[in-house]
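Below is one structure, written out as structure tokens, with a few remarks after it.
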Amino acid sequence: MASRWLNNLNPEQADAVTTIHGPLLVLAGAGSGKTRVITHRIAEMIDNGIAPQNILAVTFTNKAANEMKHRLKSMVGRKASRVTMSTFHSLGLLMLKAEAKLAENARPFTVYGSSDQLSCLKEIVRRYQLERSLDLEAVLTRISGYKNDFILPKDLEITPSSDEYEAAAIELYPLYLEQMTAFSAYDFDDLVVKPTMMMEADENCRRRWAERFQYVLVDEYQDTNTAQMRLLKAIAGEHKNVCVVGDDDQAIYGWRGAKVQNILNFSDDFPGAKIIYLMRNYRSHGHILAVANKVIAVNKDRHPKAMIPVRDAGPKVRLVIQRDGDCECRWVAEHIDSLIVRDGYRPSDIAVLYRSNLTARPLELELRSLRVPYRIIGGTSFFDKKEVKDLLAYLKLITHYGEEISLRRVINYPARGIGAVTLNKLSAWAESEHKLLIEAVEKAPEILGDKDRALKPISDFLSLIKHFTDEFLHKNRKLDEVMEEYIKAIGLYEDIQTATAGGSGKAFEARWGNVLGFLESLQAYMREVNQPLLEEFINRVSLMDVEVGEEKESGERVTLSTLHGAKGLEFRHVILMGLEEGLLPHERTLSPHATDAIITDIAEERRLCYVGITRAKDELIMTRADKRLIRGKEQKRTPSRFLDPIPLELLDITDMNAPASADEVVNALGQFLATLE
DNA sequence: GGCTATGCTTTTTTT
DNA sequence: AAGCATAGCC
């Protein structure tokens with residue numbers, strides 16, 4: 001049976017594409033043509049008469065899902081749009097909404113992002129007057145860990161061996177759950193955990209979804225957590241038409257609860273699984289791959305394997321050692337400039353990768369001074385910006401009237417005379433009456449007395465929300481137009497203007513730009529779907545599934561990215577910075593008192609390094625410095641242990657501190673003289 | 001109720 | 001080094 005999708009595939013790839021029924025594990029090493037296999041496999045399924053609407057493909061990011069949709073569309077046309085392609089979180093949300101529709105008494109819910117979760121926890125701590133000087137983020141990480149492993153508060157108790165975070169998490173966990181229920185809010189974890197529990201508890205429900213998704217495909221399976229695996233099992237455990245694709249050597253999300261065990265033990269969860277290895281690497285030159293193989297081979301607990309290069313050896317991998325962090329940055333920037341100017345690389349061929357976002361700042365400055373165009377992946381995202389969160393809060397109040405965290409966020413922003421004193425009185429009333437804040441706000445005249453001067457601003461605020469709720473619901477009105485009016489009515493422009501009045505105008509541009517960016521993403525959303533709904537847009541923003549303005553102008557730019565952000569990408573020329581102990585591996589994985597629930601070990605740092613190395617197609621340069629400023633203080637640095645297993649003959653080392661050759665002395669002298677002018 | 005100065009912690013990674 | 005939170009001031 002000849003398939004039109006098998007051209008240009010190697011035998012293993014073809015095997016993966018044509019194995020459609022039964023459990024299948026595809027161990028796809030870096031650069032082995034994984035994405036092609038996935039898209040071709042779906043196309044093959046459709047060709048074999050499987051209805052697209054019965055196919056589910058789960059990816060790690062919405063971006064990856066959208067890209068895959070795009071690719072599939074170019075192969076099978078409009079049928080592609082009937083395939084469900086999303087992240088576990090978007091899928092969970094879809095399921096929850098569908099189930100809520102079936103249930104009569106379902107309450108509308110909101111999705112809380114991490115900052116909302118934090119506010120929720122803060123609220124609890126304040127209300128119960130608990131210890132305040134606690135790292136609530138660390139506590140939240142632990143709570144998230146419990147949730148993802150289906151551990152309930154009653155299963156936990158504080159023991160002498162519990163550290164302060166664990167103790168706090170155990171204490172706060174039940175309160176947090178209670179609070180979230182009261183707010184009718186779901187956090188990211190709930191989006192996966194709740195649908196799973198639903199299906200595990202209700203066989204009819206489970207069957208509905210198993211029937212809808214008769215063929216399931218999961219990408220980046222090594223980064224799934226327990227909840228995600230159980231969701232998968234619930235859907236596909238019976239029909240067993242499940243294909244997972246991944247690489248245990250690229251598991252880098254253990255800190256977020258991901259279990260490499262999921263991919264290592266796939267055959268236990270889905271007995272009789274067929275396993276296909278894709279070990280031919282089409283991406284990288286041989287030297288790069290040799291280095292990668294050496295680095296990763298040190299790890300235990302993995303499927304032992306090595307990537308086989310298809311391409312020739314290419315140039316050696318370079319290791320550049322600089323005197324300090326500034327020199328490292330400057331060298332990288334200058335090198336990139338010369339790659340573009342002298343060697344004819346396009347900026348988009350080049351990427352700089354690093355462990356921590358901190359590294360990007362100084363590098364940015366250097367690149368800017370050389371006028372090298374760049375884009376940054378990761379870092380403070382659009383969704384973390386204050387203006388975005390403010391606007392989102394205002395919108396949530398429209399679709400989810402009285403939503404507590406949003407209400408608290410914007411009830412007095414911009415300042416309208418509802419200050420802390422007023423808010424405390426209202427909160428106290430709400431607490432004693434076991435009501436939500438919004439009810440106190442509505443009853444403000446009774447609670448505060450008729451003469452309180454906050455009454456006017458409160459009623460103005462309420463009518464603002466009510467007025468725009470009507471406007472947004474109005475069928476004939478366009479979302480973005482109403483949004484613009486809303487922003488005007490809120491008075492954001494004026495507020496940002498006064499708040500940035502002292503500045504150079506740059507601050508104003510940046511903040512107002514974020515507001516406009518938000519508006520643009522709303523418009524992008526409206527263009528994308530047939531029937532735009534405010535609620536759906538809000539959920540998409542919460543799940544980071546909207547087009548961000550900056551992305552559309554991503555033409556010819558050098559990529560700066562964290563190692564995590566670089567997963568799945570490839571570049572002709574990669575510069576991997578900061579190969580030092582404490583940076584890669586990061587010190588927080590080295591220190592004994594890790595505050596995170598899940599101890600991310602050295603092995604994961606090594607995989608991160610491996611991911612970085614294997615992004616390179618043609619050339620790889622690794623850099624490190626002998627000393628560096630850390631939190632304002634200069635520190636001596638030692639080379640990363642990940643360099644140790646690399647044989648010297650694979651490397652081309654440039655040590656700027658080594659005794660200089662005559663040439664270099666002359667060179668340095670020349671440069672020194674140049675600085676004098 | 002809002003603004004400013006001081007002191008103190010910090011960012012590892014992200015759906 | 002810098003950004004944030006708190007407290008204290010207007």
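What's counted below: heavy atoms across the whole structure, side chains too, no hydrogens, waters or symmetry copies. Lettering follows sequence order; numbering is per chain, from 1. These numbers were taken from a predicted model, which means no experiment stands behind them.
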- Task: Kindly write out the residues that satisfy side chain to side chain donor-acceptor pair (under 3.5 Å) with A:D452, not counting sequence neighbours, or none if the list is empty.
- Result: none
- Query: Residues in side chain to side chain donor-acceptor pair (under 3.5 Å) with A:N539, at least two apart?
  - Reply: none
- Message: Between B:dT13 and C:dC4, how far apart are the two P atoms, rounded to whole Å?
- Response: 15 Å
- Query: Quick one: is B:dT12 close enough that its OP1 or OP2 comes under 4.0 Å of any side-chain N or O from A:T562?
  - Reply: no
- How is A:R361 classified with respect to the nucleic acid when contacts are heavy atoms under 4.0 Å: base, sugar-phosphate, or nothing? base
- Item | Listed partners of A:Y354 passing side chain to side chain donor-acceptor pair (under 3.5 Å), at least two apart | none
- Query: Between atom OG of A:S406 and atom CG of A:L391, what is the distance when rounded to the nearest 0.5 Å?
  - Reply: 11.5 Å
- Message: At less than 4.0 Å, is any side-chain N or O atom of A:R631 found next to OP1 or OP2 of B:dT10? Yes or no.
- Response: no
- Query: Who pairs with A:Q635 by side chain to side chain donor-acceptor pair (under 3.5 Å), at least two apart in sequence or on another chain?
  - Reply: A:R637
- Do we count A:W255 as stacking onto B:dT13 if the rule is ring centres under 5.5 Å and planes under 30°? yes
- Message: Check this one for me: any side-chain N or O of A:N357 less than 4.0 Å away from OP1 or OP2 of B:dT13?
- Response: yes
- Message: Regarding B:dT13, can its base be found pairing with the side chain of A:R355 as donor and acceptor, where the two atoms are less than 3.5 Å apart?
- Response: yes
- Across all chains, not counting sequence neighbours, the ring pair (Phe, Tyr, Trp, His ring centres under 6.0 Å) partners of A:F461 are none
- Pick base, sugar-phosphate or nothing for A:F88, based on heavy-atom distances below 4.0 Å to the nucleic acid. nothing
Could you go over nucleotides 1-8 of chain B and give all protein N or O partners under 3.5 Å, atom names and distances?
| unit_1 | atom_1 | unit_2 | atom_2 | d |
| --- | --- | --- | --- | --- |
| B:dG1 | OP1 | A:G419 | N | 2.4 |
| B:dG1 | OP2 | A:A420 | N | 3.1 |

- Spell out yes or no: do the side chain of A:H586 and the base of B:dT12 have one donor N/O and one acceptor N/O closer than 3.5 Å? no
- Out of B:dT15, B:dT10, B:dT14, minimum distance to the side chain of A:S114 belongs to B:dT15
